[in-house]
Peer 1: 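Take this structure first; my questions come after.
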2 protein chains.
Amino acid sequence: MVTKQQLAGLPEDADLRRADSLAREIFSDVANKWALLIIEALGDRTLRFGELRAEVEGISHKMLTQNLRMLERNGLLDRKVYPTVPPRVEYTLTEPGRGLRATVDAMCGWTHRYLTHIENARDRFDT
Amino acid sequence: MVTKQQLAGLPEDADLRRADSLAREIFSDVANKWALLIIEALGDRTLRFGELRAEVEGISHKMLTQNLRMLERNGLLDRKVYPTVPPRVEYTLTEPGRGLRATVDAMCGWTHRYLTHIENARDRFDT
DNA sequence: CGGCATCCATAACGATACTG
DNA sequence: CAGTATCGTTATGGATGCCG
């Protein structure tokens, strides 16, 4: 019988740890307010930077570029640049991005389903 | 015919705006790394503060209490205090909490599904 | 043991200005 | 129009200590 302890330090184990830390890294990237709101706003459309900025209420220029770069880096969206003047840049979700979008949709659905429930819980707690 | 403009400012409209801002508020609370990791770690178990701290790798004492209070306030988890010495505090997801957990599960599933895909995208981007 | 308060470093963010 | 850089502020999060 081979125990977990005996396996510790073997290559397969190192791989698992690396995969875990990578998963955590991706999760940290993705599990933040602005990233999820951008993905939700984009949906299955193709939007320009300015349009996206208008859709995601309250986001600053800086936050939008920052998160768009991050999402692009992770392969969750495509960034298409048209070399015109003035420049035109379009963003579209990739297939992995649309996959994530499905889970964000679920989360938004959850939010609305429990809206009043949560509001009541808050009132109770705040007294 | 009644247009949206004409409806603006009526009570029903104000209600909608309030619901939206509440939804956004809840979303901001919930769409953060630590909150989601806590919910995922808790699962359908009942865990003590210390156990939870051990489960959620890398979380500090402060972040854990802070997020637990927030989740409790929103009615996503139950906090049960046993007035013993030393004190014993147990946390369990409520029904709304378990609902959210389902979406977090989906998100974790998504992460693992696209792990290598994302890793490749990153390598491509970083060159 | 779990919670709360304090202090402090630094990371996040918004505003602004400049570039292609 | 979109992106980048800089600056100053605010917010976040860790460390520590004390209390019930």
Side-chain angles (χ1 to χ4, degrees), chain A residues 21 24-39 41-42 45-74 76-93 124-127, chain B residues 24-39 41-42 45-74 76-93 125-127:
Chain A
S21 85
R24 171 63 77 93
E25 217 178 288
I26 295 170
F27 195 86
S28 299
D29 268 4
V30 146
N32 92 56
K33 186 183 149 180
W34 291 128
L36 296 185
L37 285 175
I38 289 171
I39 287 171
L42 206 44
R45 298 181 291 176
T46 294
L47 294 182
R48 300 182 57 175
F49 183 90
E51 294 169 334
L52 210 37
R53 189 163 183 335
E55 291 285 328
V56 182
E57 162 154 341
I59 197 169
S60 69
H61 186 111
K62 188 181 180 181
M63 281 302 97
L64 185 54
T65 42
Q66 214 167 82
N67 279 278
L68 285 173
R69 285 295 96 65
M70 179 274 284
L71 292 172
E72 186 194 358
R73 182 171 111 93
N74 287 310
L76 304 193
L77 51 76
D78 263 340
R79 176 168 175 269
K80 188 161 186 187
V81 183
Y82 297 89
T84 57
V85 285
R88 174 188 187 83
V89 183
E90 290 181 348
Y91 294 92
T92 318
L93 288 183
R124 251 176 285 119
F125 187 92
D126 292 344
T127 56
Chain B
R24 170 64 79 91
E25 217 178 289
I26 294 169
F27 195 86
S28 298
D29 267 5
V30 146
N32 91 56
K33 186 183 148 181
W34 290 129
L36 296 184
L37 286 175
I38 289 171
I39 288 171
L42 205 45
R45 298 180 290 176
T46 293
L47 294 181
R48 300 181 56 175
F49 183 90
E51 295 170 333
L52 211 37
R53 186 159 168 21
E55 291 285 328
V56 183
E57 161 153 341
I59 197 169
S60 69
H61 187 111
K62 188 182 180 180
M63 281 302 97
L64 185 54
T65 39
Q66 213 167 83
N67 279 279
L68 284 174
R69 283 298 93 68
M70 180 273 285
L71 293 172
E72 186 194 359
R73 182 172 111 92
N74 287 309
L76 305 194
L77 50 77
D78 264 340
R79 177 167 176 271
K80 187 158 189 192
V81 182
Y82 297 89
T84 56
V85 282
R88 174 189 187 84
V89 183
E90 289 181 346
Y91 294 93
T92 317
L93 288 184
F125 186 91
D126 291 343
T127 57

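First the proteins, then the strands, lettered A, B, ... as listed; each starts at 1.
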Peer 1: Might you point out which heavy atoms bring B/Leu52 and B/Ala41 nearest each other, and give the distance in Å?
Peer 2: CD1-CB, 4.4 Å

Peer 1: Using chain B heavy atoms and a threshold of under 4.0 Å, write down where along DNA chain C the contacts begin and end, 5' to 3'.
Peer 2: C/dC1 to C/dT6

Peer 1: Measure the shortest side-chain to side-chain distance between A/Lys80 and A/Asp78 over non-hydrogen atoms and say whether it is less than 4.5 angstrom.
Peer 2: no

Peer 1: Does A/Val81 or A/Lys62 map to a spot on DNA chain D nearer the 5' end, using the closest nucleotide for each?
Peer 2: A/Val81

Peer 1: May I ask you to decide if B/Ser28's main-chain N or O and B/Asn32's side chain share a donor-acceptor pair within less than 3.5 Å?
Peer 2: no

Peer 1: First and last nucleotide of DNA chain D in contact with chain B, 5' to 3', at under 4.0 Å to a heavy atom: what are they?
Peer 2: D/dG13 to D/dG20

Peer 1: Would you list the pairs meeting salt bridge (charged side-chain N to carboxylate O under 4.0 Å, His left out) in which at least one residue belongs to residues 63-72 of chain B, sequence neighbours left out?
Peer 2: B/Arg69-B/Glu72

Peer 1: Between A/Trp34 and A/Val56, is there a side-chain heavy-atom distance shorter than 4.5 Å?
Peer 2: yes

Peer 1: In residues 46-53 of chain A, what residues come within less than 4.0 Å of DNA chain C, judged by heavy atoms?
Peer 2: none

Peer 1: For residues A/Tyr91 and A/Leu42, report the shortest heavy-atom separation together with the two atoms involved.
Peer 2: O-CD1, 3.6 Å

Peer 1: Kindly express the pairing pattern of DNA chain D in dot-bracket notation, using | wherever a base pairs with another strand and counting only Watson-Crick or G-U pairs under 3.5 Å.
Peer 2: |||||||||||||||||||.

Peer 1: Please report the shortest heavy-atom distance between A/Met70 and A/Ala35, naming the atom on each side.
Peer 2: CE-CB, 3.8 Å

Peer 1: May I ask you to test the A/Val30-A/Leu76 pair for a side-chain heavy-atom distance under 4.5 Å?
Peer 2: yes

Peer 1: Salt bridge (Lys or Arg N to Asp or Glu O under 4.0 Å) with A/Glu55: which residues, sequence neighbours excluded?
Peer 2: A/Arg45

Peer 1: On DNA chain C, compare the nucleotides closest to B/Arg69 and A/Pro87; which residue's is nearer the 5' end?
Peer 2: B/Arg69

Peer 1: Between A/Gln66 and A/Met63, which heavy-atom pair has the shortest distance, and what is it?
Peer 2: OE1-CE, 3.3 Å

Peer 1: Would you mind checking if B/Glu90 and B/Arg88 are paired as a salt bridge, meaning a charged N to carboxylate O distance below 4.0 Å?
Peer 2: yes

Peer 1: So what does B/Tyr82 touch, heavy atoms closer than 4.0 Å: a base, only the sugar-phosphate, or nothing?
Peer 2: nothing

Peer 1: Flag the pair A/Leu93 / A/Ile39 as yes when at least one side-chain heavy-atom distance between them is below 4.5 Å, and no otherwise.
Peer 2: yes

Peer 1: Do B/Ile38 and B/Leu64 have side-chain heavy atoms sitting under 4.5 Å apart?
Peer 2: yes

